[in-house]
Protein chains: 2
Amino acid sequence: MRTIGDVADSEQHPARRGRVAKREAILAAALRVFVQDGYAAAGIDRIAALAGVAKPTVYNHFGDKEALFRSVMLDSARRSAAKIIEALDARLGGRNAPTDDLAERLTDVAHVILECQLSDEGWALQRLLYAEASRMPDLYDEVARVGGQPVVNALAGWLARLAHRGELDVDAPETAASQFMTLIAGDLPALSALGTRPISQADLTAAVAAGVGTFLRAFAPGVDRPKQTSRAVSPTPRREGSR
Amino acid sequence: MRTIGDVADSEQHPARRGRVAKREAILAAALRVFVQDGYAAAGIDRIAALAGVAKPTVYNHFGDKEALFRSVMLDSARRSAAKIIEALDARLGGRNAPTDDLAERLTDVAHVILECQLSDEGWALQRLLYAEASRMPDLYDEVARVGGQPVVNALAGWLARLAHRGELDVDAPETAASQFMTLIAGDLPALSALGTRPISQADLTAAVAAGVGTFLRAFAPGVDRPKQTSRAVSPTPRREGSR
DNA sequence: CCAAAGTTAAACGGATGAGTTCAAATACGC
DNA sequence: GCGTATTTGAACTCATCCGTTTAACTTTGG
C-alpha cells in the first residue's frame, strides 16, 4: 500500500486570530485534503493538522465529516461561480466590446468559463460531487443552484442581449446558454481524462473553436431556418420494434 | 450512521460449475456491490457472499480489490458499448430506414444511445469512474477506449454516410458525432441529479428534442454557411488584462 | 493578579475492512 | 476405494479512522 503523495505543508498556522479565521482555515484545509484523497480516504486528523487547529475544533465548527464536506463543496461552488460571474461581468457588462467579431467574443467567454473547470481544483470538485452524489443526493442540487445556475443565467442574459441586438438567432437563451457550455466543454473530460492529465493549449483551443464553431453554425443569424423543430418527436418505440 | 439499503439477494449460488462461471458470478456481484456502495465502502466479504463463493476465491481470481474494480469497470464498459452498437446497427445498418424525416431518425438514435446512460447502472458506473479517476488515472482511458470510442465511431460513420448522401452538412464526422452526444446528453446530469433521481419522460424527450434541434440547426444542409470558422481564435489573453 | 471560557493535544473506544492463515471438505487421479 | 491437490469458510492480524473524552493550557475580562 502506497500513499499517493503527502500534502505539501504539513502544518499551517491558522492565518489569523478569531473564529471566522479558523473556520476559513479549516475549510481551506478540508478542501485540499478532500481534493487530494477523496471523501472516504480524507482524515479529519490530517485536515485539522493542515489547518493548524485541533481535531475537536473541527467537530465544534462543523459537527460532522459529512457536514464539513457539504460546507466545503458549497463554499467552493459559491466562490467558483462568483469568480466566473465577475470575470464575465468585466467583459460583458462593460460596453467596451473588445472586438466586433462575435466568434472572438464567444471564444473569449468560453475560455473564461473553462478556466475554472480546467483547474485541478475544479476537476477534483466535480469528481467529488460525482463520487458522493449517491450518498448525498441533495448535494448536487445545492451545488448546481449556487455554482452552476448563476453562470448559466449570466450567459443566457448575454445571449439574450445579443439576440435582441440581432447578433444571434436565439429564441431560448437558457437552452442556448446551456448548450454553449456543453459544446465548449464536451470534449474536455476525454482530453484531460477527467482532469487527471493536463490539456495542451492546442487541444484546448481546438476544442473551444469546435464548440464555438458549431454554436455559431446553429445560432448565427442571417440564414433563414425554421425557428426550431419544437414538435417533440415520439420518445422512442420502446426497445427494438424490429419491424 | 445508517446503511443505504442492503443488496436484495444476500446469497446467490454460483450459477454454474467451472472457473469461468465463478469468475462471471464474482464480476456480477462486484458490479452490484460497487454500484450500490461505491468503491471504498464496498466490502469483499459482501461481494463474495453475493457471488456465492469464498473470499479467498475472489483474491485467487483477481488478486486485489483494485484489480477486481478495474475488471468490473472494463467488463461493464465493454458490455454497454456492445449493447449500444448492436442497437445502432439494427437501426442504421439495415437499409430499412424507418422514416425519411431526419429529425425523427436522429431522435431515435439519441434515445438508443441514452438508454444506456440513463440506466441506474450506467449512471453508477460513471460516478464510480469519476470517483476513482484520481486514484487510477489510466482507468478512464481504458474505459473510454473500450466503451466510448466505439459508439462515437459508429455514430460518426453514420453521420458521414448521411453527409455523403447530402442529408447533412458535416465536414468532420468525428467532431459532429461527439457534439451530437454532448448535445443530447448535456442536460441529463442536471435533470437527474447525476442519476440519483428519475427523469420524467417529458423532460427526457424535451432534452433530446432540444439537442437534436440545435444539432440540425448547425448541420442541416441547404442553408449556405461558411464551412467552419476553423481559424482558431487566440486562446485567451491570460487573466484579466485589465488594460 | 486572578478567574472563567474556550481551545488544545493526546489518548481512547468502537467499529470496519483488506488480505492471510488454517483446518476441513470436496473433487480427482490411480 | 485411497491419496493428492485444490477449494472452501471461518477465524485472525493488522491497520485505519470517526468521534469523544480528559486534563492541561491559552486567552480574556475584572
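All chains are named by letter (A, B, ...) in the order of the sequence lines, taking the proteins before the strands, and each is independently numbered beginning at 1.
If you take CZ of A/F69 and P of D/dG19, they are 14 Å apart, rounded to a whole angstrom. One atom, NE2 of B/H61, and another, C1' of C/dG19, lie 17 Å apart when rounded to the nearest Å. Atoms NZ (A/K65) and P (D/dC18) sit 4 Å apart, rounded to a whole Å. Atoms CZ (A/F34) and C1' (D/dC18) sit 12 Å apart, rounded to a whole Å. For B/Y39 and C/dA18, the OH to C1' distance is 10 Å, given to the nearest whole Å. Nucleotide C/dT7 holds its P atom 13 Å from the CZ atom of A/F62, rounded to whole Å. Atom-to-atom, CZ of B/R135 to P of C/dA18 comes out at 13 Å; the value is rounded to the nearest Å. Spacing between atom CG of B/N60 and atom C1' of D/dT8 amounts to 10 Å, rounded to whole angstrom units.
One can find a donor-acceptor pair under 3.5 Å joining the base of D/dG19 and the side-chain atoms of A/K55.
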Side-chain donor-acceptor distances from residues 67-76 of chain B under 3.5 Å, at least two apart:
unit_1 : atom_1 : unit_2 : atom_2 : d
B/R70  : NH1    : B/E66  : OE2    : 2.8
B/R70  : NH2    : B/D138 : OD1    : 2.7
B/R70  : NH2    : B/D138 : OD2    : 2.4
B/S71  : OG     : B/A67  : O      : 3.1
B/D75  : OD2    : B/R79  : NE     : 3.4
B/S76  : OG     : B/V72  : O      : 2.9

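Here B/A42 lies in heavy-atom contact (under 4.0 Å) with sugar-phosphate atoms only. At the heavy-atom level, A/A41 lies under 4.0 Å from the strands shown only through sugar-phosphate atoms.
Taking the six-membered ring for Trp and thresholds of 30 and 60 degrees, B/F34 and B/Y39 have nearly parallel ring planes, at less than 30 degrees apart.
With D/dC17, D/dG19, C/dA18 as the candidates, the nucleotide lying closest to the side chain of A/Y59 is D/dG19. Taking only side-chain atoms of A/D64, from C-beta outward, the nucleotide of C/dG17, C/dA9, D/dG19 with the closest atom is D/dG19. Closest to the side chain of B/P56, out of D/dG9, C/dG19, C/dA10, is D/dG9.
Residues B/W123 and B/P189 are in side-chain contact: their nearest non-hydrogen atoms beyond the backbone lie under 4.5 Å apart. The shortest distance between side-chain heavy atoms of B/L106 and B/F215 falls below 4.5 Å.
Among pairs with a residue in residues 178-201 of chain A, those fulfilling salt bridge (charged side-chain N to carboxylate O under 4.0 Å, His left out) read A/R197-B/D141, at least two apart in sequence or across chains.
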